[in-house]
J.: 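Dropping the structure in here first, questions after.
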Amino acid sequence: MGIIQKSQVKSPWIMHFCNSSCNGCDIEVLASLTPLYDVERFGIVNMGNPKHADVLVVTGPVNYRTARVLKNLYDQIPDPKMVIAVGACASTGGVFHNCYNILGGVDKVLPVDVYVPGCAARPEAIIDGVVLALQKLSKAVGVAK
Amino acid sequence: MIENLKEITKDTLLQEVQKFADAKARFVTTVCSDLGDKLEVTYYFNYSPGVDMSAMRMVVDKNEEVPSISGIYLAAVLVENEMFEQYGLKVKGMAIDFGGLMLLAKDSPVLPMVKDKAAGGKGGE
Amino acid sequence: MAPRTVAPFGPQHPVLPEPIQLKITYENEKVVDVVPALGYGHRGIEKACELNEYPKNIHLVERICGICSCIHGISYCETVERLWPLEVPPRAKYLRVIYSEMSRLHSHLLWLGLLCDALGFESMFMQFWRIREKVLDILEATSGHRVTQSISVVGGVRRDIDAEQEKTCIKVLQEVKKEAESLINVLASDPTVKARTVGKGVLTKEQAILLGINGPHLRASGVKEDSRMLGAQAYSELGFEPIVETAGDCYARALVRAREALQSIELQLEAFSKMPEGEIFERPKGRPPANEVTYRAEQPRGECFYYAKGNGTQHLERFRVRTPTFANIPSLLVMLPGCELADVPVIVLSIDPCISCTER
């Protein structure tokens with residue numbers, strides 16, 4: 001196992017993208033970076049630039065306009081990458097299922113690795129989702145036994 | 001019941017709005033609703049710092065053109081674009097014209113708020 | 001003339017938790033023109049509200065925005081109740097005030113944190129969010145959820161606050177007040193914060209009125225206007241006085257929100273002391289009658305306008321929300337031109353933009 005693979009698993013950099021979310025999950029994603037939950041102690045850093053990121057955290061359902069942006073961001077993240085759909089509406093469309101401008105969950109556009117339930121998802125659940133994604137990532141880069 | 005409601009026509013719209021502007025009223029918003037064959041547009045204003053709201057209502061045909069009030073109240077530009085996208089209300093002379101792509105994307109359903117449209121979210125099939 | 005550059009700001013941008021795009025034209029470092037591009041958060045909630053049965057809309061309306069969700073839910077109920085009109089029990093009115101003010105408190109703390117983040121004042125950002133968690137804890141303890149409380153139903157509220165919870169709430173609020181006061185003192189007197197905010201994004205009283213802006217943004221320009229002055233719910237029984245600043249710049253907006261956060265703690269404490277005993281819910285009779293009503297509520301971000309039209313069935317004929325940011329965005333077109341590139345994030349943030357509210 002090379003040093004790059006090891007650091008990818010030990011210190012994943014996440015990028016958060018908000019689709020047409022209601023903000024609830026976004027604020028919880030931000031809250032998990034702040035003192036009470038503090039994911040930085042696991043080496044998780046929030047990034048603004050897709051080319052720096054290993055994990056894409058997506059909140060909210062996909063609408064017709066964000067579908068293109070989301071695809072674009074996903075393509076810019078270097079391999080291997082993980083996608084986490086945070087919240088009920090990112091997973092399935094949730095409460096917005098009958099809104100006219102909604103395509104559905106994130107898996108309509110991207111392959112999703114981890115689904116985090118909840119509306120809004122709690123910070124504990126989000127951290128749990130990131131940890132699950134890391135286990136998957138370590139298999140992908142060949143670190144896992 | 002809507003308080004202080006006044007019926008107007010599209011010809012007197014701009015004069016009436018100018019009166020509000022002269023009286024230093026704040027533009028609140030407009031509400032458009034579909035009456036079947038006609039559209040009902042209601043403009044709401046608020047005399048600052050008073051607490052009462054005033055309203056003006058006009059009923060127009062679906063393919064009629066109404067003047068934009070964004071020349072007087074710039075704030076109306078977003079809501080006029082929204083009415084055009086959602087109901088197909090033709091507004092003439094908007095300060096910024098998003099061309100029907102302010103809220104909706106190119107492949108979104110067209111005129112989604114019109115009553116006889118199928119309401120489904122999945123691309124309006 | 002210097003060469004002009006058009007650059008997009010957003011939709012994915014570090015200072016914006018939400019997707020909005022501003023197409024900004026620069027002349028060297030100076031901004032000369034701004035065009036907002038919306039639509040990244042549009043879902044079509046107004047239409048969906050016509051399709052769902054009216055009691056189910058509460059959950060949908062709460063998810064117009066996750067930060068102002070509690071007040072959206074309460075105001076939807078207030079609007080629909082006005083169709084009959086229904087009178088809710090007095091205790092329910094007080095509970096609605098308490099939850100509204102609690103969500104205003106956490107929203108303003110959140111915004112103060114984001115402001116510090118935009119200024120690069122990272123430790124202060126963390127401090128504000130740390131004390132905000134205490135508010136979320138009491139929201140969770142009393143209503144069952146941190147973000148979307150769903151506390152209000154048509155006819156009253158869903159859950160009561162018992163004596164023991166009340167004691168905890170009062171204790172936590174007093175702690176938060178003490179900590180918030182000291183943080184706000186630091187923020188308001190910090191020379192770096194002043195250097196970045198004083199005189200930036202100035203909006204005069206006349207401009208503010210003509211642009212139709214609202215909320216803390218309007219009050220920072222010296223207009224005494226607050227929908228809570230209308231006295232809906234129990235506000236008429238609480239000594240409420242809007243907070244006004246006159247400078248109209250980013251610093252004044254920060255001060256308005258900071259003082260409002262402290263004021264909302266006072267309002268909650270007062271509401272707890274005046275809250276009468278009794279019922280919290282009264283079942284509405286029949287369906288919403290054919291009638292149309294408007295209602296205005298003061299959200300953390302400003303005045304929110306609701307319109308509902310009933311037709312005697314379980315469904316609403318038309319439901320419309322005009323959210324505060326929808327009215328505040330045009331002010332960016334006036335405030336941004338003339339400012340420097342590095343000030344754009346702070347000025348954009350100073351209106352407390354809530355894009356998911358704006359686009360519904």
Side-chain angles (χ1 to χ4, degrees), chain B residues 1-5 20-21 23-35 40 42 44-53 55 57 70 72-79 81-83 85-86 95-96 98 100-106 108-109 112-115 117-121 124, chain C residues 35-44 46-48 50-51 82-83 85 205-214 218-219 222-227 229-231 242 244 291-294 296 303 305-309 317-323 326-331 333-334 358-360:
Chain B
M1 267 304 292
I2 309 282
E3 69 270 17
N4 307 329
L5 183 69
F20 280 104
K24 299 255 181 285
R26 234 156 34 90
F27 172 73
V28 178
T29 193
T30 72
V31 177
C32 186
S33 31
D34 186 6
L35 301 181
E40 176 192 86
T42 318
Y44 291 90
F45 294 90
N46 182 13
Y47 287 103
S48 195
V51 286
D52 270 342
M53 220 161 33
R57 173 166 289 174
S70 60
I72 304 168
Y73 283 104
L74 177 66
V77 79
L78 294 181
V79 75
N81 274 287
E82 189 182 296
M83 289 193 293
E85 282 179 27
Q86 298 187 330
I96 307 172
F98 290 90
L101 293 175
M102 185 179 84
L103 293 178
L104 300 178
K106 281 198 185 80
S108 296
M113 296 288 283
V114 173
K115 285 277 179 207
K117 282 277 156 146
Chain C
V35 178
L38 307 171
Y40 295 96
H42 184 56
R43 287 151 281 173
E46 285 180 10
K47 180 77 177 183
E50 294 166 17
L51 303 172
R82 275 168 171 70
L83 285 171
K205 194 173 174 176
E206 286 70 32
Q207 281 176 318
I209 291 170
L210 196 63
L211 282 166
I213 60 170
N214 52 41
L218 179 62
R219 293 195 281 281
V223 183
K224 191 176 166 185
E225 165 92 40
D226 191 312
S227 305
M229 283 156 80
L230 295 164
V244 180
N291 191 2
E292 47 180 343
V293 285
T294 57
R296 283 179 294 159
E303 172 195 283
F305 168 93
Y306 297 82
Y307 167 88
K309 190 177 187 182
E317 180 79 17
R318 175 90 169 95
F319 179 69
R320 164 131 173 84
V321 193
R322 198 290 324 259
T323 52
F326 194 86
N328 284 345
I329 282 183
S331 70
L333 307 184
V334 176
T358 310
E359 304 177 354
R360 306 169 302 277

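Everything numeric here is computed off the predicted structure, so don't read it as measured data. We name chains A, B, ... by the order of the sequence lines, and we start the count at 1 in each one.
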J.: Checking heavy atoms, do the side chain of Y44(B), its backbone, both or neither come under 4.5 Å from chain C?
T.: side chain
J.: Between E206(C), R318(C), R322(C), which has the largest tally of heavy atom pairs under 4.5 Å with chain B?
T.: R318(C)
J.: Taking the side chain as everything from C-beta on, heavy atoms only, tell me whether E317(C) gets closer than 4.5 Å to S33(B).
T.: no
J.: Please look at N214(C) and chain B and tell me whether the side chain, the backbone, both or neither of the residue comes under 4.5 angstrom of a heavy atom of that chain.
T.: both
J.: Quick check on I213(C) against chain B: is it the side chain, the backbone, both or neither that has a heavy atom closer than 4.5 Å?
T.: backbone
J.: For the atom pair CD (E82(B)) and CD (E46(C)), what is the distance rounded to the nearest 0.5 Å?
T.: 6.0 Å
J.: Against chain C, label V79(B) side chain, backbone, both or neither, depending on which of its atoms sit under 4.5 Å from a heavy atom there.
T.: both
J.: How far apart are the closest heavy atoms of I72(B) and L210(C), and which atoms are they?
T.: O-CD1, 4.2 Å
J.: Does the side chain of K309(C) come within less than 4.5 Å of E40(B)'s, by heavy atoms?
T.: yes
J.: Within the structure provided, determine whether V223(C) and R26(B) are in side-chain contact (heavy-atom separation under 4.5 Å).
T.: no
J.: Drop me the distance from T29(B)'s OG1 to R320(C)'s CZ, to the nearest 0.5 angstrom.
T.: 4.0 Å
J.: Return the minimal non-hydrogen interatomic distance between A75(B) and L211(C), and the atom names on each side.
T.: CB-O, 3.0 Å
J.: Under the ring pair (Phe, Tyr, Trp, His ring centres under 6.0 Å) test, which residues partner F326(C), sequence neighbours left out?
T.: none
J.: Which atoms of T30(B) come close to chain C, meaning under 4.5 Å heavy atom to heavy atom: side chain ones, backbone ones, both, or neither?
T.: backbone
